[in-house]
Amino acid sequence: AMRPDPENEVPADMKPSAGTRCAEGSPQGSSARASIQNKPSPGRFTDAIRRGFAVFPLPPRSKKPDAAWEHYRDNPVTLEQAAELDKTDKNVAVITGTPSGIFVLDLDGRDAEQIARDKGWLIPTLTVQTGRGKHLYFKLPGFKIGNKAGIAEHVDIRGEGGYVVGAGSVHPDGHLYEVIGDVEPA
């Protein structure tokens with residue numbers, strides 16, 4: 001098994017206190033797949049902005065931008081632009097790191113979810129069901145967190161200079177990215 005790089009491990013103060021567990025049946029304990037959708041959710045861009053996230057558009061049913069997206073870090077989509085984008089089939093991307101004040105643990109599959117559970121990372125936080133797993137949103141802890149694939153098996157981290165596909169978008173396989181833990185990022 002791959003061992004996480006201690007430099008990129010979730011900080012101790014982000015972990016729940018000893019004995020804290022997510023209740024069985026809670027969103028963090030669920031491993032249900034997202035529902036199949038042909039169209040993205042209305043309001044996905046404005047919802048993300050209202051949560052305080054910097055966003056940019058992705059092509060429909062895509063996880064990859066069709067052009068360079070880095071300029072959105074300094075010039076994210078405005079609320080007015082978001083209202084127009086909500087009328088399209090485009091997916092929403094949430095910029096991680098400083099622009100949104102968050103980092104995201106990307107869990108791909110049940111094995112990744114079990115690893116996160118074992119490490120104490122499944123605490124109540126904004127959680128989005130993805131096509132293959134979950135995105136767990138956390139507030140930035142006051143120091144830089146970058147992007148790294150494989151901090152544990154099937155667990156990636158998206159921070160400074162990264163992005164994730166946001167809630168309300170449609171995965172390339174047709175699954176809807178759905179908020180299942182609708183609380184503030186921990």
Next item on the list: List for me each residue that meets ring pair (Phe, Tyr, Trp, His ring centres under 6.0 Å) alongside F53, sequence neighbours excluded, and say none if there are none.
Entry: Y137
Margin query: Any heavy-atom pair between the side chains of F56 and P65 that's under 4.5 Å?
Written below: yes
Item checked: Side chain to side chain, P141 and F103, heavy atoms closer than 4.5 Å -> yes
Check: Rounded to the nearest 0.5 Å, how far does CD of E84 lie from NZ of K90?
Finding: 13.0 Å
Margin query: Quick check: closest heavy atoms across A93 and Y163, and the distance to 0.1 Å?
Written below: CB-CD1, 3.8 Å
Check: Can you tell me if D86 uses its side chain to pair, donor with acceptor, with the backbone of R44 under 3.5 Å?
Finding: yes
Check: Does some side-chain heavy atom of F138 sit less than 4.5 Å from a side-chain heavy atom of I102?
Finding: no
Note to self: For T96 and E160, which I'm curious about, is there any donor-acceptor pair between the side chains at under 3.5 Å?
What the structure shows: no
Check: After noting the C-alpha distance and the side-chain angles of V179 and R51, does the key distance pass the side chain to side chain contact (heavy atoms under 4.5 Å, CB included) rule?
Finding: CA-CA 12 Å; V179 172; R51 288 184 189 273; 4.0 Å; yes
Item checked: For V92, the option from V55, V165, D47 that meets side-chain contact (heavy atoms from CB on, under 4.5 Å) -> V55
Checklist line | Heavy-atom donor-acceptor pair, N91 side chain to K63 backbone, under 3.5 Å | finding: no
Checklist line | Closest non-hydrogen atom pair, L176 against G168 | finding: CD1-O, 3.5 Å
Next item on the list: Flag the pair R132 and D106 as a salt bridge only when some basic side-chain nitrogen lies within less than 4.0 angstrom of an acidic carboxylate oxygen.
Entry: no
Next item on the list: Could you point out which residue of V164, V128, V170 forms a side-chain contact (heavy atoms from CB on, under 4.5 Å) with Y177?
Entry: V128
Next item on the list: Calculate, to the nearest 0.5 Å, the distance between atoms CG and CD belonging to D111 and E153 respectively.
Entry: 6.5 Å
Notebook entry, point to check: In chain order, what residues pass the side chain to side chain contact (heavy atoms under 4.5 Å, CB included) check against Q114, with sequence neighbours excluded?
Noted result: R117, D118
Check: Is it true that a side-chain atom of T127 and a backbone atom of L136 form a donor plus acceptor pair closer than 3.5 Å?
Finding: no
Checklist line | Side-chain heavy-atom pair L58, S169 within 4.5 angstrom cut-off | finding: no
Next item on the list: Nearest 0.5 Å please: distance from the CD1 atom of I151 over to the CD1 atom of I157.
Entry: 5.0 Å
Item checked: Side-chain donor or acceptor of N147 paired with backbone N/O of G159 under 3.5 Å -> yes
Next item on the list: Indicate yes or no for a side-chain donor-acceptor contact from D108 to the backbone of H154 under 3.5 Å, with no hydrogens or angles considered.
Entry: no
Check: Which heavy-atom pair separates L79 from T46 by the least distance, and what is that distance?
Finding: CD1-CG2, 3.9 Å
Margin query: Looking at every non-hydrogen atom in both residues, tell me the closest pair between V94 and S100 and how far apart they are.
Written below: CG1-OG, 4.2 Å
Note to self: Is the shortest side-chain heavy-atom distance between K134 and E113 below 4.5 Å?
What the structure shows: yes
Item checked: Lys/Arg-Asp/Glu bridge criterion (N-O < 4.0 Å) met for R73, E70 -> no
Note to self: Applying side chain to side chain donor-acceptor pair (under 3.5 Å), can you list everything that pairs with Q81, at least two apart in sequence or on another chain?
What the structure shows: T78
Notebook entry, point to check: How far does CD of E184 sit from NZ of K139, to the nearest 0.5 angstrom?
Noted result: 6.0 Å
Next item on the list: With the side chain counted from C-beta on, respond yes when L85 and V77 share a heavy-atom pair under 4.5 Å apart, and no when they do not.
Entry: yes
Check: Checking T130 side chain against G133 main chain: does a donor-acceptor pair fall under 3.5 Å?
Finding: yes
